[in-house]
Structures are given as structure tokens and as C-alpha cells.
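One structure is given here, and the rest of the page talks about it.
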Amino acid sequence: MQRLFALRLRLYPTAVQLALMQCIAGCCRVVYNTGLDQRRWFARPGQSISYARQAGELQEFKEAFPWLSEAPHHCLQQSLVDLEKAYKNFWAGRSGAPQRKKKGVGDSFRFPDPAQVMLQGDLKVPDKKRTRANCQASLKLPKLGLVKCVLHRSVPAGAVVKSVTVARDGAHWYASVLIEHEVEKPASRADQAVVGIDL
């Protein structure tokens with residue numbers, strides 16, 4: 001049976017990597033805010049603006065603003081995916097209307113393609129006491145290269161990385177790595193007696 005769990009890593013980027021991470025987060029914020037403004041200003045009854053339409057215009061947007069090419073294309077697409085999800089939650093009554101993102105608040109970006117990311121190094125020994133050197137584990141990300149990180153939990157053998165979300169929390173950057181691995185299916189207890197306890 002396949003099981004998914006998230007592994008949060010503290011990242012230790014170099015000065016160049018840190019500047020690029022801030023740039024990618026800024027580009028994703030611009031795409032999100034522009035997509036939000038487009039939906040607010042140009043959507044009409046019966047003529048809604050969907051993710052598919054905005055994603056199709058993303059290449060033209062990058063040609064008009066070449067500095068957006070500094071961010072990986074998948075990260076920009078994921079900003080539009082997040083906007084679509086925010087609107088669906090709003091229409092379903094699960095949340096308020098989507099709001100513009102502010103600089104330095106909730107900076108994040110996501111790499112959805114497992115073929116582009118890789119977790120390598122000493123992955124079997126957890127470091128709950130924070131005593132291991134940073135260089136013993138690293139996370140490979142598009143355009144960023146190898147980013148040093150610290151693992152506080154071990155990664156099961158045969159586990160596969162599905163996606164990576166990089167986010168800033170205060171003055172530090174973290175990566176949430178979604179991992180899929182095989183676990184034993186629990187034995188069925190359908191034939192056992194049911195016990196009820198009334199408190």
C-alpha cells in the first residue's frame with residue numbers, strides 16, 4: 001500500500017541561491033497577482049477566466065516581461081494552480097475571496113515534477129538533536145542546483161519524492177518534500193468482535 005507523508009527540511013542556501021529563491025518567489029507572486037487582477041477586471045457572467053486560459057497566456061506574459069524567465073516555468077504554472085484552487089474554495093464557501101499576495105509575506109513556490117527534484121546524501125540517519133553537518137544532505141532543485149539541508153527524520157528505503165514546496169518562515173527557508181513509499185497493508189479486523197464503551 002502506498003503512503004504519502006511530508007518531510008520538512010531546513011535549507012541552508014548560499015548567497016547566490018538565496019537571491020535566486022527570493023527572485024523566484026517574487027516572480028510567482030507577480031504571476032499570482034496578475035492572474036487575480038485579470039479575473040477581477042475582465043471576467044463577466046458567462047465568460048469566466050479559467051486556469052487553462054491563463055496558463056495558455058503564460059508564455060506571452062514571459063515574452064513581454066523577460067525577467068520572469070529567471071523562475072522555472074513549472075513554479076509559475078503552480079501559482080496559477082493555487083489561484084484556481086483559491087477561487088474554487090471561495091465559490092464552495094470554504095474560504096473568503098482570494099487576496100493579493102504581499103512582498104515578504106508567505107513567500108513560496110512549488111516544484112511539481114518529481115523528475116526535476118532529488119534528495120541525496122545521508123538519508124537513513126535522522127538528526128533529531130541537530131548535530132549532523134549540513135553538507136551531509138542536499139536537495140537538488142531546478143535552477144538552484146544542490147541546496148544544503150538538514151534532515152530531522154530518516155527517509156524510508158525505496159521512497160520517491162513527488163513534489164517540493166519551498167517557503168520562507170521568518171528569516172529562514174524550508175522545503176516541504178512530499179514523499180511516497182510502500183507500507184504493509186494493515187490486517188483486516190472485520191471478523192473480530194466489536195467492543196463499544198460508553199463514557
Side-chain angles (χ1 to χ4, degrees), residues 4-11 13 17-45 47-119 139-144 147 149 160-180:
L4 293 173
F5 74 96
L7 185 65
R8 193 169 191 243
L9 312 174
R10 166 79 182 275
L11 299 179
Q17 290 173 334
L18 180 60
L20 185 54
M21 288 162 66
Q22 293 171 342
C23 178
I24 294 173
C27 291
C28 291
R29 182 177 62 253
V30 167
V31 169
Y32 183 93
N33 289 341
T34 304
L36 178 61
D37 291 340
Q38 188 181 40
R39 290 187 182 217
R40 285 178 175 174
W41 296 343
F42 300 109
R44 297 291 182 269
Q47 296 180 353
S48 62
I49 299 176
S50 65
Y51 161 76
R53 178 177 170 184
Q54 290 183 313
E57 297 173 350
L58 187 56
Q59 187 59 40
E60 297 178 17
F61 192 41
K62 289 175 67 175
E63 291 172 1
F65 301 96
W67 47 269
L68 285 173
S69 298
E70 297 179 17
H73 190 73
H74 283 161
C75 294
L76 301 180
Q77 283 181 326
Q78 289 301 304
S79 295
L80 296 176
V81 170
D82 293 342
L83 179 61
E84 178 76 8
K85 188 180 297 184
Y87 265 102
K88 286 182 177 179
N89 289 334
F90 170 58
W91 291 327
R94 293 187 292 266
S95 66
Q99 300 297 320
R100 290 176 60 85
K101 292 189 175 183
K102 298 179 181 179
K103 183 177 181 180
V105 179
D107 287 343
S108 66
F109 49 92
R110 184 165 56 256
F111 299 95
D113 188 1
Q116 294 184 333
V117 296
M118 182 184 302
L119 189 59
L139 183 63
K140 185 178 180 182
L141 299 171
K143 295 201 175 184
L144 290 168
V147 183
C149 60
V160 179
V161 175
K162 303 298 288 183
S163 67
V164 175
T165 301
V166 178
R168 177 163 51 190
D169 187 0
H172 306 295
W173 287 85
Y174 296 86
S176 294
V177 183
L178 184 62
I179 294 178
E180 181 182 63

Identify the two heavy atoms, one from [X] and one from [Y], that lie closest to each other, and give their separation to 0.1 Å.
| X | Y | value |
| --- | --- | --- |
| R168 | G104 | NH2-CA, 3.6 Å |
| V117 | P142 | CG1-CD, 4.2 Å |
| P112 | S163 | CA-CB, 4.1 Å |

How long is the span from the [atom1] atom in [X] to the [atom2] atom in [Y], to the nearest 0.5 Å?
| X | Y | atom1 | atom2 | result |
| --- | --- | --- | --- | --- |
| N33 | Q38 | CG | CD | 12.5 Å |
| L68 | C28 | CG | SG | 9.0 Å |
| R10 | H172 | CZ | NE2 | 4.0 Å |

| Intermediate values then yes/no, side-chain contact (heavy atoms from CB on, under 4.5 Å), Q59 and H73 | CA-CA 9 Å; Q59 187 59 40; H73 190 73; 4.2 Å; yes
| query | For the residue pair F111 and F109, does the interplanar ring angle fall in the parallel (under 30°), tilted (30 to 60°) or perpendicular (over 60°) class? | reply | perpendicular
| Is the number of heavy atoms from other residues, nucleotides or ligands within 6.0 Å of CH2 (W41) greater than 12? | no
| said: Can you confirm whether more than 12 heavy atoms, excluding those of K62, are under 6.0 Å from its NZ atom? | reply: yes
| query | Are K101 and D107 within salt-bridge range, i.e. N to O under 4.0 Å? | reply | no
| request: Check step by step if side-chain contact (heavy atoms from CB on, under 4.5 Å) holds for R39 and E84. | output: CA-CA 10 Å; R39 290 187 182 217; E84 178 76 8; 2.5 Å; yes
| request: Just do the side-chain contact (heavy atoms from CB on, under 4.5 Å) check on V81 and Y51 with the steps written out, would you? | output: CA-CA 7 Å; V81 170; Y51 161 76; 3.6 Å; yes
| Do side-chain atoms of Q54 reach the backbone of A52 as a donor and acceptor pair under 3.5 angstrom? |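 The answer is no, because no donor-acceptor pair under 3.5 Å joins these two groups.
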